[in-house]
Structure formats: C-alpha cells, structure tokens
Amino acid sequence: MVGQDDADVRAITFPVEHVETPDCSVGVIVPYSAGGGKPVTRVKFFLCGSYPRKIDMRASQFFIATLKEAPSDAEVVSHKLMTRAGMIRKLAGGIYTYMPIGLRVIRKIEAIIREEMNRAGGIELLMPLIQPAELWQETGRWDKMGPEMLRVKDRHDRDFIIQPTSEEVVTDIARGEIHSYRQLPKNFYHIQTKFRDERRPRFGVMRGREFTMKDAYSFDRDEAAAEKSYQAMYAAYVRIFERLGLKFRAVRADTGAIGGSLSHEFQVIADTGEDLLVYCPDSDYAANIELAEALPPAAVRPAPTFAMEKVATPDTIRCEDVARLIGLPLEATVKSIVLATDTPLGPEVWLLLVRGDHELNEVKAGKLPGLDGGFRFASEPEIIEHFGCPPGYLGPLNTKKPVKVVADRTVANMADFVSGANEIGFHVKGLNWGRDLPEPDLVADIRNVVEGDPSPDGKGVLAIQRGIEVGHVFFLGTKYSAAMNCTYLDEAGKPQPMVMGCYGIGVTRLVGAAIEQNHDAKGIIWPDAIAPFTLVICPVGWGKSEAVRDTANRLYTELTAAGIDAILDDRDERPGVMFADWELIGVPHRLTIGDRGLKDGMVEYQHRSDPEATKVPLDEIVSLLRGKACA
RNA sequence: CGGGGCGUAGCGCAGCCCGGUAGCGCGCUUGCUUUGGGAGCAAGAUGUCGGGGGUUCGAAUCCCUCCGCCCCGACCA
C-alpha cells in the first residue's frame, strides 16, 4: 500500500505492478472491493502510457494558476474559464500552451479515445507534423487548399507543409505497405498536432490554429467492407462521446472539401455552438443545417389574384421594411441574392431568390450545376451592369441584361409576391411567375430549413438546436487511393483501388465543448471521466491542525490506493480561496476536512453541482467516494 | 481580404482630447494580526507606455509607419 503520512514526502513509491494492457495503455492493478464484496483485482486506467502519473499529487507540488479576471480578448465562456482556471495560456493568435491542469484533461480524453479506437480495431501510428509538398501535389490539394494550409521551406528551398490532416501520408503508407486483399481491412490512426491557418481564429481552443486531433483512416477492399469500417467507427464515436459524459448528437453532414459520399458529424449540444443542427423529435432524422433538405411545398402554386403594380419604396431595402411599408406579410416578399461565377468567357451573373423570411444556404447553392465550380457574391458594378440598379431594389423582373434565375422551391410556388423593381426606390407587388415574368431557369432547394418545416423523412416537423462539431466521419471511397494509385491485389491477382474512410475527433476542441456544456457562474463542472482530478481533498486549517493534516493525509493515501484520481490541497490557503479555486477548475468531487467536523467524527462531501455539502462519518467516507468517484 | 476597435506592471483598467514627476484595483514580496467562502493593517518590488521614425526644450499623449490582438463582414442580422 502507499502508506505515507508525511506531508513533506515528494515521491512516494507506489508498489503495484505496472502492466501493459492489450490496447497499449498503461494501467496499474489496484485492489478493489466492489460494494463491500470480496476484493477483486481490476485494472484501473489512469492516463495514457506516454504520460506517467505523478502518484503523489499535492497542490503545493503541482501548479495551480487561477485568475480572478479573464483576459479581455476571451469572448466565450470556455475560453474565459480555461484561462482563469489556468488550463491554457495564449502564445499567439489561435496558439496556446496547455498548462498542467489543461494537459491532464487532454490526456484523459486521449486515453478514452485510444481505448475505444483500439477496441474498434484501430491501429495507432504517428505521422509527421511536417510533410513534403510532393504528396499534396499528387492529390492536387497543394493548389486547392489555399492559405489555410501553412507552407514552409527547408534550407534547400524545398516546399513542405505543416499538416492540417493526413490523408496523403497515410495513403502513401498504405500503398507502400499493403499489397494484398489478405492485409485488408486496416484502420490506422494517430493523435497529432494539426495546424490550420484559420482566417479568424477565435473562441480559444474551439477554433485555434494549432490544435490536437485524432484522425483515423480505414482501408478496405470494396464499398461494402468500407461501409462496415465506417459503421464501426460511427459506433466507436458514440461510445467515446458517451464515455466522455457529453450530451451530443450525430447528424448527417455535408462532405465539404474532403470529398466523399457519406458523412456524419458528432456535435456536442451547446447554445454557443457555431453549427445549427436540424432534427426531428418524432424520428431519428438529424442533419447539419447545411445539408437538411427543405421539401417542396405540398400545395400547388395558387393562381394570380392581383394585378402587378409598382410601388414606391424610398430608402427601403430590407425585406422586413418593404413588407411593413407595403402592408403585406414578410412571407409575401422575395429576397434577391446576386452571385457571380468566373468563367473563361468572363463573369456570369446569377440571381438567387429565396422568400423574405428565409435564408440562402450557400452549401446547397454551391452544388447547383454551374455554381458547383465555385462562386462569389457579385460586385456592385456587376450588379448595376446587369440590373441597372444598385443593391436594395433588385428582382427578377426586367433585368437590364439576362441573368440566370434560380428560385427556391418555396419561391417557385409563390403567387402575387413582392420583389425589387430594378429601379431605385421601387418594388413591385402582385408579381406572378408565368404571367408577369418567365418561369425561373432553375428551381431548387437553396434555403436553410426553419423550425416547423416538414422532416425530410416524412415523420413530423423539424426542430433546430446549436452544436459544436467535435467529430466527423467520412466515407471517402477511392478519391485518394485513385489519385495516389493505392491499390491491392484481389484474389484474381488484379489490382484494385482501396476504398477509404476518414474519421476525426478534435481533442482540444472537445475540451472547450465540454466546458461550454458544463459550467456555472463559479466555473467548470467536469464530467468525471475527463476532470483534471476526480476528487479534491480540501483540508481547512492545514497549517495549524495536526488532526486535520493527519486525516487528510490518511484519506488521500487510501483514496488514491482505491484508484481515485485525487489531489490534496496542502497549500494552507484560506477556505474561501481554496473552494473558489477548485470550483473554478471544476473538480467534480470535493472532500472537506476540518476540525469543526472532525471533533464529531465527520467530514464533508460535496459534488461540484450540489448546492451544499453533506456531512459523512469519517469511517464511511472512503467507501462512499469509491462508489461515487471511482469511475 | 474589407470595415471598425484596442495595445500602459502578471491580469483587469485609468491617464491621451488639452504634451511637462506613469497611476488605480487584483496578484506578487516582507512583517504583524486573522483563519469554514476569494482576509485586515503596514511596508515594498515590478513598466523599453507594442516596435521604429518624426514634430518638440520636452511625447504614453501629436504625426507617419510597421507589428500584434479583438470584433464585425450576404443584396442576412
């Protein structure tokens, strides 16, 4: 047993066996008595193998660096709390040092991810941070990635990048090492520093430039096998986020720049999230708003009832104001958005129409034929050239030059609507497709869904909530294997491209997301699984009471031996300081020991989310905490 | 990238308009007192006022320039 009471001891030896577990984490075998039954031996996982746990964890020997006030550049609560709790310190925009408290949380998250990745068949390796340009040129992403990818040169003036992701390198490994269908499937992963030179880093570690990501890549012989790998990763992700103690939702997602055909995001539910999640409470439909389909209106377009009429709307630009001025509902107006594409023949101008109360979905627009090669918002000169009028009074009626008109499904179904008259200070009302102007060139779903829209699966109506994207799984197909000639030989001895999937988890972003979801006015409230410490022992009167000191030391030793990740606050701070610090840091379980209770043989237990402490007899506290704080 | 704002002690800020001794709170150091919810008193330490250039007898303050940071950015808000 650990058996040491002396506060001055710095390095207690821990006479238990370190074992190499099947998934390569290092654990220690600890005696464990489950519910008072016969003692059993079980492996208690502390932290990952590369992070030896300091067994004697006393606050005076550790590093607690809390702040009363957050730096003024911190905007969101997780950034403020992480800084105040001493988890991170900013070095440059979007670049942070992970301080000791913060690193412990990261290591715990990594340990859980490793366990579940290994359980799901993943094989850990570690690919370099710096990668040669050649591989990226091979897939074409050297040119496609843009300034988000940090490029560096070595002393010979050769191009390198600091990796934002590792598809190229892992595919290079696979094509070099895997030659036979017998070697498939394989899933390689690593947990590595990434660098993405974000246009606007913000929100602390939530959108940093340098961050830690777990990225995994699966290689299979065919689509069916690859889909199994995808499902295995999906299931592993569900387990990971459940173990982390977070409320999350898996949603269908756009495949974006990475490419591929099937994709889910794992979103931590938080009102401060940047993403909008669409889900159906009556079914299992869930998607990112980028992807969620707005179904065509069920009804047939009504017949025109009014004559078209031009109305003066001086200085009235926004649909809301136009509707109010004319005295019609906002739903009767149509919003005009002008896009441009740059073709070899020069710019082409597009007019996209959504209902006044709807919003354009740029991801959907970007998939339209003609816009799928990339688009931009048209410049004001381009707008005037084509519409004969500056922004604010634009519409599909009588454009000066022909433009390609794309109407949202809802707009295509409208009658007697309002839009700009392409004349400064005027709109038109009573406008009707077919009668007053030709049918749109294209009718498509180009808007964001709104709450109450019918669910695409036909099983109810949609609801919307905010989330933080912490994980993303992609079915890649052969996009990279084809580009890089990554093949294996099948039974017939024929080369076949490997079918790939890729799977990411933002480790450092998870830290921020967990805080966004779990905090109060005093600070962070960690889920047990990722708390920097599971339990803090707060002795009141450490410096003056031998009884307090002895009891604290003894309980610390016993609880640690029981496998509880505890820290003993021996700093001899005043209680207010001590409590405020640990509440800010967010340690979920607190044991308070003071002369006041000790004289009655009592100590106090309080969970971070409890309103107040509970008195517990001294001889019951260890078994109580074993039940509560021993994950 | 465009627009706006800000850089003064470890953190939060004042001083700048109107040029003249660099300040406040928290934190830090020392001592005494205090000791169950961020203690009190006393005495201290800490600054290239973001960098460079200019104007001036004199610049945190006025001018130029560079850098850094923050916020905002649809014909949404």
Side-chain angles (χ1 to χ4, degrees), chain A residues 64-76 79-80 83-84 86 89-95 146-148 197-204 207 209 316-322 330 333-340 349-362 365 375-380 382-384 386-387 389-396 403 419-420 422 424 427 446-448 450 522-523 538-545 548 571-585 590 592-599 602-604 606 612-613 615:
Chain A
I64 314 288
T66 55
L67 297 174
K68 280 191 182 167
E69 290 178 276
S72 56
D73 57 13
E75 200 202 351
V76 296
H79 188 190
K80 286 180 184 158
T83 306
R84 288 225 290 134
R89 289 291 182 257
K90 186 167 86 169
L91 184 62
I95 300 176
E148 188 179 281
D197 203 352
E198 294 277 347
R199 188 172 50 159
R200 259 186 78 190
R202 52 181 164 169
F203 306 150
R207 185 173 290 283
R209 292 195 292 172
T316 311
I317 289 172
R318 293 164 53 209
C319 288
E320 289 83 350
D321 301 329
V322 172
L330 183 57
T333 62
V334 167
K335 185 157 36 186
S336 300
I337 298 140
V338 184
L339 304 180
V349 170
W350 298 62
L351 174 64
L352 273 65
L353 302 171
V354 296
R355 205 170 70 184
D357 59 325
H358 287 158
E359 285 182 354
L360 177 69
N361 181 315
E362 290 182 37
F375 65 84
R376 57 182 170 81
F377 289 99
S379 67
E380 186 153 339
E382 283 170 339
I383 290 172
I384 292 172
H386 286 80
F387 292 85
C389 157
Y393 307 96
L394 304 178
V403 298
S419 87
N422 294 323
I424 292 179
H427 282 74
I446 56 170
R447 69 170 172 97
N448 283 336
V450 294
K522 292 174 177 173
C538 292
V540 176
W542 173 268
K544 66 164 194 189
S545 166
V548 165
R571 294 177 298 168
D572 198 24
E573 284 286 356
R574 303 167 66 87
V577 174
M578 196 160 46
F579 296 154
D581 271 352
W582 294 110
E583 281 160 354
L584 173 61
I585 293 168
R590 185 173 85 199
T592 307
I593 300 165
D595 274 328
R596 194 195 277 181
L598 230 39
K599 69 180 193 308
M602 304 293 265
V603 292
E604 290 162 44
Q606 184 173 4
E612 52 192 48
K615 284 193 166 64

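In the text below, chain A, chain B and the rest are named by the order of the sequence lines, each starting its count at 1.
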Taking any heavy-atom pair under 4.0 Å as a contact, classify [X]: base, sugar-phosphate, or nothing.
X	result
A:Leu67	nothing
A:Arg84	base
A:Glu320	sugar-phosphate
A:Gly594	base
A:Leu360	base

Query raised in the report: What's the closest nucleotide to the A:Val577 side chain, out of B:rC11, B:rG38, B:rC72?
Result: B:rG38

Requested in this report: Identify which nucleotide among B:rG37, B:rG36, B:rU35 has an atom closest to any side-chain atom of A:Lys544, counting heavy atoms from C-beta outward.
Outcome: B:rU35

Query raised in the report: Distance only, no hydrogens: is a donor on one side chain within 3.5 Å (strictly under) of an acceptor on the other, for A:Asp581 and A:Thr66?
Result: yes

What integer number of Å spans the [atom1] atoms of [N] and [M]?
N	M	atom1	result
B:rU30	B:rA45	C1'	10 Å
B:rA22	B:rC16	P	16 Å
B:rC24	B:rG5	C1'	24 Å
B:rA60	B:rG3	P	30 Å
B:rC49	B:rG19	C1'	14 Å
B:rU48	B:rC67	C1'	16 Å
B:rC62	B:rG7	P	11 Å
B:rG10	B:rC28	P	15 Å

For [N], take OP1 and OP2 only and decide whether either is under 4.0 Å from a side-chain N or O of [X].
X	N	answer
A:Arg89	B:rG10	no
A:Ser72	B:rC70	no
A:Arg574	B:rA39	yes

Under a 3.5 Å limit for both distances, which nucleotide forms a Watson-Crick or G-U wobble pair with [N], could you say?
N	value
B:rG31	B:rC41
B:rG19	none
B:rG36	none

Would the base of [N] count as contacting [X] through its side chain, where contact means a donor and an acceptor less than 3.5 Å apart?
X	N	result
A:Arg590	B:rG37	yes
A:Asp595	B:rG36	no
A:Glu573	B:rG37	no

Query raised in the report: Got a salt bridge between A:Arg202 and A:Glu75, using NZ or NE/NH1/NH2 to carboxylate O under 4.0 Å?
Result: no

Query raised in the report: Would you call A:Thr333 and A:Arg355 a side-chain contact if the rule is heavy atoms closer than 4.5 Å?
Result: no

Separation of [X] atom [atom1] from [N] atom [atom2], in whole Å?
X	N	atom1	atom2	value
A:Leu91	B:rC69	CG	C1'	13 Å
A:Lys68	B:rC13	NZ	P	16 Å
A:Asp581	B:rG38	CG	P	13 Å
A:Arg571	B:rG38	CZ	P	15 Å
A:Asp197	B:rC1	CG	P	11 Å
A:Leu584	B:rG27	CG	P	15 Å
A:Glu198	B:rC70	CD	P	13 Å

Requested in this report: Please figure out whether A:Gly94 or A:Asp572 has its closest RNA chain B nucleotide nearer the 5' end.
Outcome: A:Asp572

Report summary line: RNA chain B nearest-nucleotide lookup for A:Leu394 and A:Phe579: closer to the 5′ end is A:Phe579

